[in-house]
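First the structure, then my questions, so here it is.
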Amino acid sequence: MRFPRLPISLVFLAVGWWLSTNHPVVAEENTVHLFRTVESCKGDEYFNVNYLKCKKCESELNLVPSKDRLTCECHPRETERIEYDSVLQQSICDRKCRKSTNETCANAAPSCGLHYVNQTNLSHQARHIQIPGPFNTPPNCTCNYKHSSLYRNTFCIPNHLLKDYTNYGHFRLGNVAEDLMYLTFFCHTLKRWRECNHLANLCALSLYSLERPSACFSFFATQTSDIASTNDGTEKTMPFIFYRRGRSSIEELDKTQDFSFDIHQGETTVNFTALRFTLDGQLMEYRSVSLVHELNLCPTSRREVLFGRSFSLSCQLPLVDLIKDSRRAKLTFTNLFVNYVEKKMPLIRSVPVLIRNSPASNMNDNPEAWQLVRRFFTVDLVSGLRSGYIDKMYEEDKLQEKFDYIRYLTDVEMRFRVKADNKLSTPLLILKYGEYNTSQKISQPTIDFHFSVTFFREYEFESLLEILLPIFILLAFVLAIFEAIAYKTRQHKLIYDLDVFCKFMVFLMSKIATALFAIVFIISIYIHFTYKTQKQIRLLLPLPVEKLLIILTGIALVLKGTKLAQHLWQIAHIDIFFIDWERPRIFENRNQLDTPSVCSGSVTARLGAPCESISAWRSYFVANVWQELTTTRKISMFLHLGGLIWILFLVRMENFASTNFFFHLWPTEDPPDGILILSTGILAYIFTYIVQRIFSYVIWERYFKNPIQQFIDVCCIANVSVFILRLESYGYYIHGRSPHGFSDTDICSMILQFRQEERGQRGLTPGSELQTYSLLAPKNLRIFYDRLILPLQHPPQINEYVTKGYEGNFERTILTYYSINRFFGAFIDHALKDLDYIVKEKTILEKLLSCEFEAILSDNKGIFYVDNSHSFDEVLFYGSESLFFQFELILFTFIIGTSHNYLLAIIIVGIVYKLLKILMDSTTKHNLAKKTLIDKRFLM
């Protein structure tokens with residue numbers, strides 16, 4: 001890779017190299033390296049795996065790079081003696097042969113396969129160990145087992161050099177730590193890098209056990225101590241596998257990579273490099289890797305880690321499949337690095353690893369208590385392998401026979417913290433291992449595996465909640481007080497009693513539910529649009545506030561459900577009566593316009609005797625229209641839910657919830673986020689609802705069908721008014737009195753009435769078209785009404801049934817009906833001496849708050865308020881649309897928040913609405929028959 005010439009950068013780089021070469025302590029603390037590969041080293045250089053850099057083999061000392069380019073060795077054909085020196089940590093080569101002669105050093109002395117490890121006096125160091133080569137060995141080529149130990153039939157080591165390491169012989173890790181004493185000696189005393197890597201691998205295999213003695217003890221003691229240095233003779237044992245604890249862990253994780261990602265220009269891939277070793281410490285590979293491919297066990301098509309896009313994968317896979325995976329079955333140990341560019345130089349930074357299993361402090365959430373490490377493994381099929389087991393040639397190996405235990409990763413999380421200007425701090429790899437013990441004898445053992453990549457940035461919503469919550473709750477409290485005041489007035493109460501307080505609590509719960517959901521709506525929409533439109537990362541998903549939003553939605557659902565239940569109970573128990581204005585008439589002129597069909601039995605009947613009866617079908621017709629109108633909504637729920645399915649699944653608006661940094665309708669590999677699912681569902685629901693409401697208001701109700709106005713017209717045609725008492729002294733009045741004085745007529749007369757009506761008025765007051773009013777009834781009106789209907793509120797006595805039977809009950813019903821009809825008719829006509837009313841309009845504030853501030857409480861005089869908005873529909877589903885919309889939206893949001901399933905939420909909302917409709921159809925029909933004294937059998 002070629003880079004432009006940058007003199008200043010090269011000067012700093014040269015200074016860094018000089019410090020790392022001449023000041024080991026500074027180099028050891030550095031976790032950032034210039035990205036160099038083994039192949040990039042020059043012909044006279046080797047690759048130092050501890051510092052990840054090329055170093056020169058000193059040719060004046062007759063040193064050349066080895067075949068693997070990982071160390072220096074003596075020139076094979078120009079060396080008399082080869083020694084390994086523990087102080088210089090390299091071979092010492094003395095020349096004997098000359099290039100001018102044909103003599104070769106290979107024939108200069110007899111060869112011996114043993115290497116004798118001796119302590120020499122060539123240095124003032126306390127530990128100066130040399131390994132002579134085959135040219136300087138005893139002639140007998142044997143090892144004295146009385147005073148020495150033979151290691152791997154190659155090294156003859158005096159026992160006095162091993163006395164400090166005898167305790168390591170008691171450490172066992174399956175069958176892979178049998179040579180721990182010798183490995184520790186070669187690493188700690190001779191500083192041989194391959195044995196040190198082998199020892200570091202055993203440390204990682206033990207999950208960094210710090211029991212003494214262990215493979216980790218020397219690494220931990222020298223690498224985490226602040227006093228270990230080269231000046232006191234206590235050098236740090238290489239390679240680096242431990243980080244310092246305490247504040248150093250926080251400082252390491254807080255370091256910032258000086259590289260900014262551009263999320264809108266495609267520069268979003270986070271790349272990694274792996275340094276991988278075999279168990280015996282041999283470098284296996286050093287190359288760029290795919291984090292998802294290397295550490296994820298679940299099947300997925302995702303290959304890269306994209307900046308700012310968190311995702312997670314979970315699966316359950318058979319343990320046998322993991323063993324058969326040749327790529328993962330081989331035990332390897334990995335040091336992971338993250339790649340980035342700084343000042344146009346490719347750099348890599350070591351990725352700290354947090355292993356949750358060990359030590360116990362790693363389960364703590366406080367980073368200061370963590371022990372971060374650098375090396376890890378994926379699957380361990382070696383330490384639990386039974387010694388002496390021979391693989392079967394023609395049969396499948398059984399786990400119980402081959403292994404004592406198997407260890408593997410069960411949870412992998414790569415955690416990134418995003419800082420200002422789209423920069424990343426040092427990533428953290430969190431691992432958790434599981435173990436299967438073959439003594440459990442499970443026929444088909446499985447692994448529950450979880451892999452996740454998490455980007456997060458510290459973003460607190462507490463300040464936003466601290467602003468919104470008090471304001472909205474205070475507003476809800478004030479509005480609930482106004483409603484309670486209006487309720488007290490409408491109930492004709494002089495004091496605030498327990499009933500008013502209970503209603504205040506219901507009003508308050510409803511307003512708080514609205515306030516809480518408004519907070520959920522604002523926060524979720526804010527997060528959605530901020531996340532999708534940001535260029536500089538300000539927030540990342542997922543956010544912990546998601547759980548809070550779901551909790552607030554659940555609370556709002558309970559509170560709003562309480563209000564809806566109270567409202568439906570009130571609708572099902574209203575006092576309603578149909579005032580029939582039709583009066584019996586005598587017809588003497590057949591040419592009159594008013595020829596009632598009820599008396600059209602014969603010409604003689606119409607011309608002769610008077611007809612004193614009137615038709616009851618008009619009242620039945622109005623009652624059935626009212627019953628049908630009771631559960632009619634301003635929208636069609638079928639169209640609304642169908643529109644939701646169309647916009648979410650066919651238009652694919654559901655893809656708005658993906659964690660891409662822009663809005664799109666096509667599916668991607670990026671998983672959806674809970675908050676984005678929440679906000680997308682809310683937007684889709686509100687959009688579909690608003691479109692249907694606009695269509696209904698602008699087109700449907702104006703040009704096709706307005707059910708409220710049609711009901712008023714039906715009342716006028718039938719010559720029937722509707723008197724409703726919703727509360728004790730508050731209700732509505734629909735003036736349906738025909739301006740012609742009658743409606744029992746034939747078709748011809750009715751058409752002529754319609755023509756005359758075009759030039760006349762049919763309002764309550766003379767010269768007015770106003771037919772709907774809200775009213776504050778005088779207290780005595782409620783008293784008289786209760787007295788009139790009282791005979792029907794109590795079942796007849798047994799003796800009454802015996803004497804009068806069914807006819808007596810029927811007679812009582814008829815008398816009560818006519819009494820109430822005459823009473824309300826007289827009240828509307830101002831014909832009662834002690835009961836009267838006035839007609840007036842509400843002030844603007846009263847209309848806005850739906851209150852009656854200027855109401856004068858009186859026992860004998862009521863107030864009819866002009867109501868052009870037809871507020872009597874508040875006792876119908878039609879006028880309760882706002883309450884239904886809020887409840888259904890909150891229910892829909894809660895379902896998608898808990899299940900992340902739009903279709904399930906749509907189905908549940910539809911089922912709940914249908915059940916409420918069926919319930920209210922039954923209860924309102926019963927109440928209508930009871931209060932209007934119309935037989936229930938006549939109601940459809």
- Task: Compute whether any side-chain donor of one residue and acceptor of the other, for S729 and H492, lie under 3.5 angstrom apart.
- Result: no
- Query: Can you name the residues that form a salt bridge (Lys or Arg N to Asp or Glu O under 4.0 Å) with E881, not counting sequence neighbours?
  - Reply: R633
- Query: Do you see a donor-acceptor pair shorter than 3.5 Å between the side chains of E874 and Y732?
  - Reply: yes
- Message: List the residues meeting side-chain hydrogen bond (donor to acceptor under 3.5 Å, both in side chains) with E368, not counting sequence neighbours, and say none if there are none.
- Response: R247
- Selection residues 901-920 - residue pairs positive for salt bridge (Lys or Arg N to Asp or Glu O under 4.0 Å), sequence neighbours left out: K917-D921
- Side chains of T256 and K419: donor-acceptor distance under 3.5 Å anywhere? yes
- Taking the side chain as every heavy atom from C-beta outward, state whether M637 and V909 have any atom pair closer than 4.5 Å. yes
- Item | Pair R417 + D254, salt bridge at N-O below 4.0 Å | yes
- Taking atom OH of Y697 as the centre, report whether more than 12 heavy atoms of other residues, nucleotides or ligands fall under 6.0 Å from it. no
- Query: Hey, does L678 have a side-chain heavy atom less than 4.5 Å from the side chain of F521?
  - Reply: no
- Determine whether I537 and F455 make a side-chain contact, defined as any pair of heavy atoms from C-beta on separated by less than 4.5 Å. no
- May I ask you to check whether T514 and Q886 show a side-chain donor-acceptor distance below 3.5 Å? yes
- Note on the structure: For Y733 and H735, the nearest pair of non-hydrogen atoms, with its separation, is OH-ND1, 2.7 Å
